[in-house]
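Here the structure is laid out as structure tokens; the discussion comes afterwards.
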Number of protein chains: 2
Amino acid sequence: MSLPHAILTALLEKPSSGLELTRRFDRSIGYFWSATHQQIYRELGKLEKAGLIRELPSDTPARGKRKAYEVLPTGRTELERWVGESEDPRPLRDPLPLRLRAAGVVGIGGLVGELRRHRALHAAQLEEYRGIEKRDAARERGTEQDRVQRLVLRAGIDMETFWVAWLDEAIGELEGLGGAAGERRPRA
Amino acid sequence: MSLPHAILTALLEKPSSGLELTRRFDRSIGYFWSATHQQIYRELGKLEKAGLIRELPSDTPARGKRKAYEVLPTGRTELERWVGESEDPRPLRDPLPLRLRAAGVVGIGGLVGELRRHRALHAAQLEEYRGIEKRDAARERGTEQDRVQRLVLRAGIDMETFWVAWLDEAIGELEGLGGAAGERRPRA
DNA sequence: CTTTATTTTGCAACTTGTTGCATAATGTGG
DNA sequence: CCACATTATGCAACAAGTTGCAAAATAAAG
């Protein structure tokens with residue numbers, strides 16, 4: 001149950017409307033917890049009904065009208081509770097190693113091309129993180145929040161670095177091997 | 001939609017019953033795609049109805065009786081199709097960096113202990129992978145399937161290595177800082 | 001052979017996440 | 001001010017994953 005807490009965090013950093021939140025989930029927050037606008041609107045409704053956030057009082061309420069939310073003390077308390085909670089790392093679910101394993105059984109097919117494509121995507125993401133890190137380092141404020149943010153960013157950088165390195169290894173190991181799609185696995 | 005293909009792969013490697021599959025998902029396959037026995041039984045039903053697998057003919061069919069499945073040619077074809085498919089990496093969803101970010105806003109609380117706990121879990125997983133790698137390297141057969149398997153294992157090792165390294169960095173950076181729960185973030 | 005525990009399969013209800021579309025407000029060009 | 005795109009919110013149906021429990025076969029104990 002991380003989505004509500006992701007939203008609480010985002011709203012504490014800055015009160016926002018549903019769409020603003022969606023945008024922020026496409027940038028920084030979503031780097032570790034993605035969410036569609038549907039999920040966000042639904043969750044905002046739940047959080048409001050639960051009394052953890054409230055609509056910032058503005059003008060007339062209506063559909064299609066911007067609604068900004070802020071976190072109530074109850075919401076902040078709940079977030080503190082969640083931060084201190086004990087929760088096991090969730091079992092990882094990634095289709096790519098899975099497909100590689102399947103390829104070991106039915107033949108490599110065109111998978112190397114796909115690996116190259118993924119390598120490019122991860123490299124691009126890595127570049128984006130590096131750009132953010134460079135900009136952040138320039139500020140050099142050093143509050144606790146800044147240091148924590150930097151750690152989170154580092155996780156992103158290290159993770160993408162891992163992917164690029166692993167994909168390079170995999171591509172190197174596989175290229176020139178399997179070749180055509182649908183063929184039987186050769187003996188060596 | 002990776003679960004059916006994970007099951008097809010597992011069944012191609014070795015025809016199994018639902019419970020056997022569940023066990024294998026707790027070991028090797030589940031390292032990259034976990035699944036509960038419920039998911040597996042349900043999916044086996046679907047796959048059978050779709051004509052991709054069939055029950056291995058044995059004796060009388062009944063509830064609570066072991067049923068083993070094998071993959072039909074249609075199933076193999078479908079798996080080949082999936083391996084050659086183009087599919088973007090799924091947006092990553094990990095609660096831990098998220099909690100760290102939240103901690104940046106509401107205070108570190110007891111999070112460092114939690115980081116240590118996760119470090120231990122990841123280190124244990126890493127050890128397990130290393131053990132498997134050592135045993136696998138001993139065989140040294142070198143078929144395509146072996147090499148692919150080794151790559152998958154390497155992904156697991158590198159991933160856990162990343163986690164352990166990152167957690168060490170995070171613990172080092174944070175310990176002695178936040179301390180008590182619920183306190184305001186200090187300026188530096 | 002009956003009771004009890006374990007193994008194996010499965011149903012049902014629930015939560016979380018995805019997809020497609022609908023609707024209202026707002027902005028823009030004619 | 002009317003048509004049209006864009007912004008912003010939201011419903012509904014679905015798909016995937018989780019949790020709790022039940023029930024049939026089998027094994028073990030008395």
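A quick note: this is a predicted structure, and the numbers were derived from the prediction, not measured. Numbered from 1 within each chain, the chains take letters A, B, ... in sequence-line order.
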Inset, instruction - In plain terms, say whether A/E144 and A/R147 are close enough for a salt bridge, that is, a side-chain N and a carboxylate O under 4.0 Å apart. - result: no
Inset, instruction - Mind calculating the distance between NZ (A/K49) and P (D/dG10) to the nearest angstrom? - result: 13 Å
Legend entry - Sub-4.5 Å side-chain heavy-atom contact between A/E85 and B/R99: yes
Legend entry - Donor on one side chain, acceptor on other, B/T143 and B/D146, under 3.5 Å: yes
Legend entry - side-chain N/O A/K67 vs D/dG10 OP1/OP2, d < 4.0 Å: yes
Legend entry - Note: B/R154-B/E133 ion pair, threshold 4.0 Å (strictly below): yes
Legend entry - D/dA13 phosphate, OP1 or OP2, under 4.0 Å from A/R42 side-chain N/O: no
Legend entry - Distance test, side-chain N/O of A/R23 to OP1/OP2 of D/dT7, below 4.0 Å: no
Inset, instruction - Report yes if at least one side-chain N or O of B/Y41 is closer than 4.0 Å to OP1 or OP2 of C/dG10; otherwise report no. - result: no
Inset, instruction - Assign the ring pair B/H122 / B/H118 to parallel, tilted or perpendicular, where the plane angle (0 to 90°) is split at 30° and 60°. - result: tilted
Legend entry - Salt bridge present between B/R24 and B/E20 (N-O < 4.0 angstrom): no
Legend entry - Protein-nucleotide distance (B/D88, atom CG; C/dT18, atom C1'), rounded to Å: 15 Å
Legend entry - Contact residues, residues 26-39 of chain A to DNA chain D [heavy atom, < 4.0 Å]: A/H37, A/Q38
Legend entry - Separation of D/dT18 P from A/E87 CD (nearest whole Å): 13 Å
Legend entry - Common cluster, A/L121/A/W163, ILVMFWY with side-chain heavy-atom separation under 4.5 Å: no
Legend entry - Rounded distance (Å) that lies between atom P of C/dT8 and atom OH of B/Y69: 15 Å
Inset, instruction - Starting at atom CZ of B/F25, determine the distance to atom P of C/dT8, rounded to an integer number of angstrom. - result: 17 Å
Inset, instruction - Rounded to the nearest 0.5 Å, what's the gap from CD on B/Q38 to OG1 on B/T22? Could you check? - result: 9.0 Å
Legend entry - Contact under 4.0 Å: B/R93 side-chain N or O vs C/dT18 OP1/OP2: yes
Inset, instruction - Supply the atom-to-atom distance B/L21 CG to B/S16 OG, rounded to the nearest 0.5 angstrom. - result: 4.5 Å
Legend entry - Contact list for DNA chain D against residues 1-21 of chain B - heavy-atom distance below 4.0 Å: B/M1
Inset, instruction - Please work out whether the ring planes of B/Y129 and B/Y31 are parallel, tilted or perpendicular, with thresholds of 30° and 60°. - result: perpendicular
Inset, instruction - Figure out the CD1/C1' separation between B/I40 and C/dG10, and round it to whole Å. - result: 13 Å
Inset, instruction - Find out if a path of hydrophobic residues (ILVMFWY) with successive side-chain heavy-atom gaps under 4.5 Å connects B/L100 to A/I132. - result: yes
Legend entry - Salt-bridge present (B/E48, B/R54; N to O < 4.0 Å): no
Legend entry - Pairing annotation in dot-bracket form, given for DNA chain C with Watson-Crick or G-U pairs under 3.5 Å and | for cross-strand partners: ||||||||||||||||||||||||||||||
Legend entry - Spacing of A/K46 atom NZ relative to D/dC11 atom C1', expressed in whole Å: 14 Å
Legend entry - Rounded distance (Å) that lies between atom C1' of C/dT16 and atom CG of B/L98: 15 Å
